[in-house]
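Accompanying notes for the structure given below.
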Amino acid sequence: MEGFKMNSNSTTTAATKGKKDELYHVIHKVPSGDTPYVRAKHAQLVEKDPEAAIVLFWKAINAGDRVDSALKDMAVVMKQLDRTEEAIEAVKSFRGLCSKQAQDSLDNVLIDLYKKCGKIEEQIDLLKRKLRLIYQGAAFNGRPTKTAHSHGKKFQVSVKQETSRLLGNLGWAYMQKGSYMMAEVVYRKAQMIDPDSNKACNLGLCLIKQGRYEDAQLVLEDVLQSQLPGADETKSRRRAHELLMELRSIHDDLPESLDLLALDDDFVKGLEQLMNEWGPFRSKRLPIFEEISQFRDQMAC
């Protein structure tokens with residue numbers, strides 16, 4: 001009986017320890033085990049030692065230990081330490097070691113890195129490449145949705161939502177470049193697919209930059225009148241209000257005309273084709289792209 005009690009106590013102690021270990025990993029969001037990747041996550045999340053974490057992430061990549069996650073996590077930590085250029089080189093050099101499923105999220109990491117260090121042209125090229133993959137049917141592995149992650153949570157993203165998100169990012173990149181007319185085209189396209197108040201505010205700013213104040217006012221008032229998804233969010237309403245206040249304080253200082261022709265024909269046609277597949281429109285060409293064509297004709301005269 002005494003032996004049985006000792007064994008029972010040992011089993012209970014081991015079970016309690018196991019539950020504590022499991023709870024520890026849940027609280028700190030650290031995977032279990034003693035591999036280079038696990039030690040890297042421990043250094044990153046528990047010890048709060050990003051330099052040590054980077055060294056261990058490198059070891060994980062070289063050892064083939066959860067390479068997909070190790071490369072992405074290392075790039076994120078490098079970005080936090082303002083080692084953005086190094087992170088870009090690491091992702092570009094070692095993404096070949098990662099699975100096919102990881103390539104899309106690595107593209108997203110690269111876009112964030114390009115944005116952080118002001119590589120606008122690289123950001124635009126990558127965003128357009130990702131959009132081409134969508135209208136060529138090569139994105140999402142042929143499925144209508146994909147699983148995305150944000151702040152530790154999983155959720156489903158549709159092709160339309162992803163297309164609109166990428167177009168929104170592309171519009172913002174054109175804004176940083178000062179190409180406001182191209183940004184307008186892209187933002188209007190994004191709003192046709194999956195409208196929201198954040199992109200509406202960006203479109204409003206884009207129109208203000210072009211001196212088209214009445215158009216900007218109409219777009220921003222849609223946000224304040226809760227005509228768009230997300231318009232009830234305090235951040236969006238505050239931004240729309242601030243832009244309207246800015247709009248009222250601006251005089252008639254119009255920007256110089258900008259080159260719209262950088263939206264190449266193949267890219268425009270591909271987006272048209274994608275939208276035509278999603279639903280019927282009044283004409284075979286989307287209205288916004290008819291405007292582009294008219295603009296090109298005028299430029300050619």
Side-chain angles (χ1 to χ4, degrees), residues 29-31 33 35-45 50-143 145-159 161-170 172-173 176 266-267 270:
K29 298 180 180 178
V30 178
T35 66
Y37 178 75
V38 171
R39 293 197 295 273
K41 293 300 289 183
H42 189 275
Q44 176 193 3
L45 300 175
E51 296 288 355
I54 289 173
V55 172
L56 290 165
F57 280 132
W58 273 124
K59 289 184 177 180
I61 292 168
N62 290 327
D65 178 25
R66 303 193 195 186
V67 180
D68 292 1
S69 298
L71 184 56
K72 286 182 286 186
D73 291 344
M74 184 178 72
V76 169
V77 175
M78 285 180 170
K79 177 186 172 186
Q80 292 169 348
L81 295 177
D82 290 325
R83 293 166 59 179
T84 312
E85 297 277 359
E86 187 180 348
I88 290 171
E89 289 305 313
V91 173
K92 291 169 70 175
S93 299
F94 291 93
R95 66 183 305 167
L97 300 176
C98 299
S99 66
K100 182 180 178 181
Q101 291 74 21
Q103 299 305 315
D104 182 60
S105 56
L106 286 171
D107 280 342
N108 292 333
V109 169
L110 270 179
I111 288 169
D112 284 340
L113 293 170
Y114 287 148
K115 189 183 299 184
K116 176 73 181 287
C117 64
K119 290 182 177 290
I120 299 173
E121 291 298 339
E122 289 86 346
Q123 187 182 344
I124 288 172
D125 288 344
L126 183 50
L127 285 165
K128 289 172 77 171
R129 182 170 66 81
K130 287 175 71 66
L131 284 162
R132 284 190 179 97
L133 288 176
I134 289 178
Y135 70 66
Q136 289 169 357
F140 287 32
N141 295 317
R143 296 191 298 269
T145 63
K146 72 172 182 177
T147 302
H149 301 79
S150 179
H151 304 293
K153 296 181 179 179
K154 294 182 180 180
F155 55 94
Q156 292 297 307
V157 176
S158 69
V159 174
Q161 289 172 324
E162 179 70 356
T163 303
S164 182
R165 184 187 73 83
L166 291 172
L167 285 169
N169 287 339
L170 182 59
W172 186 250
Q176 304 313 299
D266 290 340
F267 183 70

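Just so we're clear, the structure is a prediction, and the values are computed from it rather than from any experiment.
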message = If you apply the rule side chain to side chain contact (heavy atoms under 4.5 Å, CB included), what do you find for Val55 with Arg39, and how did you get there?
response = CA-CA 10 Å; Val55 172; Arg39 293 197 295 273; over 6 Å; no

query = Which is it for Ile111 and Lys130 under the side chain to side chain contact (heavy atoms under 4.5 Å, CB included) test, yes or no, and what are the steps along the way?
reply = CA-CA 11 Å; Ile111 288 169; Lys130 287 175 71 66; 3.7 Å; yes

ask   = Step by step, would you call Leu81 with Ile54 a side chain to side chain contact (heavy atoms under 4.5 Å, CB included)?
value = CA-CA 10 Å; Leu81 295 177; Ile54 289 173; 3.6 Å; yes

task = Determine, step by step, whether Asp104 and Lys146 satisfy the side chain to side chain contact (heavy atoms under 4.5 Å, CB included) criterion, reporting the C-alpha distance in whole Å, the side-chain angles of both residues, the deciding distance to 0.1 Å, and the verdict.
result = CA-CA 11 Å; Asp104 182 60; Lys146 72 172 182 177; 2.5 Å; yes

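The closest side-chain heavy-atom distance from Asp107 to Arg95 is below 4.5 Å. In this structure, Lys128 and Leu166 have side chains that are not in contact, with every pair of non-hydrogen atoms separated by 4.5 Å or more. No side-chain heavy atom of Leu113 sits under 4.5 Å from any side-chain heavy atom of Met78. Using a 4.5 Å heavy-atom threshold, the side chains of Met74 and Glu86 count as separate. The closest side-chain heavy-atom distance from Glu162 to Thr145 is not below 4.5 Å. Between Asp68 and Gln101 there is no side-chain heavy-atom pair separated by less than 4.5 Å. The closest side-chain heavy-atom distance from Gln123 to Leu170 is not below 4.5 Å.
Within the model, atoms OG1 of Thr84 and NZ of Lys116 stand 4.5 Å from one another, a figure rounded to the nearest 0.5 Å. A distance of 12.5 Å separates CD1 in Ile134 from CZ in Arg132, rounded to the nearest 0.5 Å. Rounded to the nearest 0.5 angstrom, Leu127 CG and Tyr114 OH are separated by 10.5 Å. Within the model, atoms CG of Leu126 and CD1 of Ile124 stand 11.0 Å from one another, a figure rounded to the nearest 0.5 Å. Remark: Ile120 CD1 to Trp172 CH2 distance equals 11.0 Å, nearest 0.5 Å. Between the SG atom in Cys117 and the CG atom in Asp82 there is a gap of 10.5 Å [rounded to 0.5 Å].
A donor-acceptor contact shorter than 3.5 Å is absent between the side chain of Lys72 and the backbone of Ser105.
Salt bridge status for Lys115 with Glu122: absent, with no side-chain N to carboxylate O gap under 4.0 Å. The pair Arg83-Glu89 does not meet the salt-bridge criterion, since no charged nitrogen lies less than 4.0 angstrom from a carboxylate oxygen. Ion pairing of Asp65 with Lys59 is absent here, as no side-chain N (NZ or NE/NH1/NH2) approaches a carboxylate O to less than 4.0 Å.
Among residues two or more places apart in sequence or in another chain, the side-chain contact (heavy atoms from CB on, under 4.5 Å) test is passed with Val67 by Ile61, Leu97, Cys98.
Of all heavy-atom pairs spanning Ala53 and Ala40, the tightest one is CB-O, 3.6 Å.
Between Tyr37 and Phe57, the ring-plane angle classifies as tilted under the 30° and 60° cut-offs.
Side-chain contact, Gln44 with Lys41: a donor N or O sits under 3.5 Å from an acceptor N or O.
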